[in-house]
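Comments concern the structure below.
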Number of protein chains: 2
Amino acid sequence: MSYSKTKIAIVDDHALLRHGIQSLLQGLDDIEVIATASSGEEAVTLLTTHSPDIFLMDIMMKGMSGIETTRWIKEQSPTTRVILISSEVNKEYIAAGIKAGINGYLPKDSSREALVDSIHTVMKGERYFSPEVTALVFQDFYLKEKDGKGLPRQKTKVLSKREEEVLAHIASGKSLKETADELFISVKTVETHKQHIQDKLGLKNTALLVKYAIDNKLI
Amino acid sequence: MSYSKTKIAIVDDHALLRHGIQSLLQGLDDIEVIATASSGEEAVTLLTTHSPDIFLMDIMMKGMSGIETTRWIKEQSPTTRVILISSEVNKEYIAAGIKAGINGYLPKDSSREALVDSIHTVMKGERYFSPEVTALVFQDFYLKEKDGKGLPRQKTKVLSKREEEVLAHIASGKSLKETADELFISVKTVETHKQHIQDKLGLKNTALLVKYAIDNKLI
DNA sequence: GAAAGCATCAGGAATTCCCTGATGTTTTCC
DNA sequence: GGAAAACATCAGGGAATTCCTGATGCTTTC
């Protein structure tokens, strides 16, 4: 029987991880890495030039994030599968990912077996989530149902485009004034954005904000 | 001629990267990955149980950092080689690494060739630094020599004990008030310390101060 | 034993922080 | 398709911090 291998594209801004995953997938008879990209922007191009079956993509990337890129991909080609790779199992990322239409979510500390499993699973049209992710989602589901609509719903924790810009400026050491000038808005608006960011992420002050930005590779 | 392969241990808290590097090193006739560890603590154990020739170790790890672990390893066994892997080419990391006695420094976006090259180089007893790292270090050297003794000497960049305490507090997100209370001094004194720190290190504001603290693993 | 650094504190003006509140637009959801 | 939520923009005002200068006593260093 003649069939073609599953075509994989790997997207990550770290070459070593990119090549590492590629190596892990070598020698398998039904999987083939046909392309790699170092950014979301490149990935979008890859979609038309190589039409992979599955994108294995880091969620945290400079420039377009994995989530944004997924939205792009799904808009252009809803049947293309996307598996996001993340270094942390984070409720908000998972939620944003599901909303963007991902087919799988894989922690970075997964085994080769889990990686291959995830590819096989999403190729069958199913979704793949690691046990940790599943546990987290189910626990969250349980908690939400338990206290129902009585308690105030948790606010969104996904930053808007503008908020991310402001965050990047401030965390890079720009003052509010400098940030305002560079973004052509008033200082007051920058203040508000900064406040919203801190509220959304639960960060008490600038120091913690910078720490967050660094931890999440936003600068 | 009978000779043994170079024994490599890989240390990284991300399994995917760990296995990725391992895959990249497979099939080489003079290199063998004999062990992997997911933390600095494990690496120290590995040293006695497996006595590898070279540690390939991520600089950024939860718990013991790559630098700290290197110090440990070099104390126990000075002939064991250590190559640090970092996602960014950072002056302070490199300096701290050299001080700790690393044999090589490899950016995460290196090619497979560079990886293998680094292993061969350090096994010859030489140090391996990527072109970017070399460029950075030489530029720094040049700048230091250029302005000699004619210009006002750069102020000391060594923080006092107290200043480091204050820095750690502030960079961890403590307010001036909180810091003052915990150190049993007035807010004004904390302000002064903070100012001195910024002056010494040439940091314009809190954001840059936090970045410095994180870059230098002071928190 | 003078000079430099260290640790402590103060005054005061500029800036930032943090809260509330507002308006118009866009997105999302049922 | 219309209500609700999120987004982007701005303002007022009190509190906190930043960023200068300057001061005092104590320790370290050459």
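Below, chain A is the first sequence line, B the second, and so on; all start at residue 1.
Map V187(B) and E191(B) each onto its nearest nucleotide of DNA chain C; the residue landing nearer the 5' end is V187(B). Sequence order on DNA chain C of the closest nucleotides to K161(B) and K194(A) puts K161(B) first from the 5' end. Comparing T192(B) and Q195(B) against DNA chain D, the residue whose closest nucleotide sits nearer the 5' end is Q195(B).
Atom NE2 of H196(A) and atom CD of E163(A) lie 7.0 Å apart (nearest 0.5 Å).
Residue S186(B) places at least one side-chain N or O closer than 4.0 Å to OP1 or OP2 of dC9(C). A close approach under 4.0 Å does not occur between any side-chain nitrogen or oxygen of H193(B) and OP1 or OP2 of dA7(C). For the OP1/OP2 pair of dC6(C) and a distance below 4.0 Å, the side-chain nitrogens and oxygens of H196(B) include no atom meeting the criterion. For T206(B), no side-chain nitrogen or oxygen approaches OP1 or OP2 of dT17(D) to under 4.0 Å. Close to dA7(C), at under 4.0 Å from its OP1 or OP2, lies no side-chain N or O of T189(B).
For H169(B) and dT17(D), the NE2 to P distance is 14 Å, given to the nearest whole Å. Rounded to a whole Å, the CG atom of L209(B) is 10 Å from the P atom of dC19(D). Atom CD of E164(B) and atom P of dA7(C) are 11 Å apart (whole Å). Summarising the geometry, the separation between NZ on K177(B) and C1' on dT18(D) is reported as 18 Å, rounded to the nearest angstrom. Distance CG (D199(B)) to P (dT18(D)): 14 Å, rounded to an integer number of Å. I197(A) has its CD1 atom 11 Å from the P atom of dC7(D), to the nearest Å. D181(B) has its CG atom 12 Å from the P atom of dA16(D), to the nearest Å. Rounded to whole Å, the distance from NZ on K188(A) to P on dG14(D) is 12 Å.
Candidate nucleotides dC10(D), dT16(C), dA8(D) were compared by shortest atom distance to the side chain of I185(A), and dC10(D) ranks first.
No option in D12(A), L17(A), I21(A) other than L17(A) meets the side-chain contact (heavy atoms from CB on, under 4.5 Å) test with L17(B).
Between D58(B) and K108(B) there is a salt bridge, since a side-chain N of the basic residue sits under 4.0 Å from a carboxylate O of the acidic one.
Residues K161(A) and E164(A) form no side-chain contact, since every pair of their non-hydrogen atoms from C-beta on lies 4.5 Å or further apart.
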side-chain hydrogen bond (donor to acceptor under 3.5 Å, both in side chains) assessment of S175(B) paired with K204(A) = CA-CA 9 Å; S175(B) 71; K204(A) 215 169 80 271; over 6 Å; no
